[in-house]
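Numbering of ligands and ligand atoms starts at 1, following listing order. What you see is a predicted model; the values in this text were computed from it and never measured.
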Amino acid sequence: MTDAFRHEYFDDFERDHPNIFASKLKLLETAITLDGARETGYTVSVGAGTGSYEAALRADGFEVDRIIEPSANLAAEARARGFDVTEAFAQDVPFEDSSIDTMFYNGSAFGFIDEATLCDLFSAHYRQLKPGGVLALLDVPPASALGLAVQASFLITQESYISEVLRSSWYSADTPHKEYWRTTDEYRALLESGGFTRLLTWQTLRRHLIYQNESVEPVVQGYQEGSYVALVAVK
Ligand SMILES: C[S@@+](CC[C@H](N)C(=O)[O-])C[C@H]1O[C@@H](n2cnc3c(N)ncnc32)[C@H](O)[C@@H]1O
């Protein structure tokens, strides 16, 4: 799976959709700071891809100390951006207990992980976070406008209005498919089984897909409207 990722899929999309990138970045910053209420401290990004969001975070004053990224192509790109990158699956990386202030998965790396593994992983993350630490999961929910269009595109392979609309807000059709499409409520339950009790949500990209790149969208609380949602667990 991992070598199927090419950095161009992300670079090309982000260059052509700067406002979508900026909206998602704002959601990520809201999630990891709890909307400006905390410092991010020692920060780990899981499934960081090319490290483009991490570089944008650094430009905004939020340092990412370590990246976990299993794709060799994408890890090389993140390394070239100056990050400390461990080329591995999240479930294979041991961290010391109570050693991390902030951990985030931007862009659904957890959607490539089966449920039993994810249960163990979220329990491990609970232990690895310091008290007050934050685990942020950012995802395209399956019932959101974008989630439905992406899933429909897997089933409808010929050119259609869905593929036309999807090109305005999604990556190349060749980008590897997220395997597990779970709702935010399902992730909430998995996090609770891992030990988390305080959970918060924010969302963005609430417009129809064809308008999402017209300007940067605001971040609002909740998870039932946006095509990009942050589910944030606080230890
Ligand atoms: C859709 S990409 C998102 C990349 C980047 N974070 C972004 O938002 O543009 C999903 C990423 O998850 C990574 N990934 C897949 N399975 C993973 C796992 N088990 N542990 C960590 N990362 C994983 C992939 O290699 C890929 O970089």
Can we call the ring centroids of F196 and F122 under 6.0 Å apart? no

How about Y180 and F112: are their ring centres within less than 6.0 Å of each other?
no

Relative to the heavy atoms of [X], which atoms of ligand 1 are at a distance of less than 4.0 Å?
X: L74; value: 27 (O)
X: A48; value: 5 (C), 6 (N)
X: V46; value: 21 (C)
X: A109; value: 12 (O), 14 (N), 22 (N), 23 (C)

CD of E96: more than 12 outside heavy atoms within 6.0 angstrom? no

Is [X] close to ligand 1, meaning an N/O of one under 3.5 Å from an N/O of the other?
X: N106; value: yes
X: A90; value: yes
X: Y53; value: no

*asked:* Looking at F83, I'd like to know if the NZ or CZ of R58 sits under 6.0 Å from its six-membered ring centre while staying within 45 degrees of the ring's axis.
replied: yes

key: K24 charged N/C atom sitting above Y53 aromatic ring, 6.0 Å / 45°   = no

Within the 4.0 Å heavy-atom cut-off, what K24 brings close to ligand 1 is neither

Note: F89, heavy atoms under 4.0 Å from ligand 1, region reported as both

Relative to [atom], which among [options] owns the nearest non-hydrogen atom?
atom: atom 27 (O) of ligand 1; options: E69, H7, E54; result: E69
atom: atom 2 (S) of ligand 1; options: F110, F10, Y228; result: F10
atom: atom 4 (C) of ligand 1; options: G47, G51, G107, G111; result: G47

Practice item. In plain terms, say whether R38 and D101 are close enough for a salt bridge, that is, a side-chain N and a carboxylate O under 4.0 Å apart. Key: no

Would a distance-only check, ignoring hydrogens and angles, find a side-chain to backbone donor-acceptor pair under 3.5 Å from S153 to Q151? no

Interatomic distance, OG@S169 vs CG@L146, rounded to 0.5 Å, equals 4.5 Å

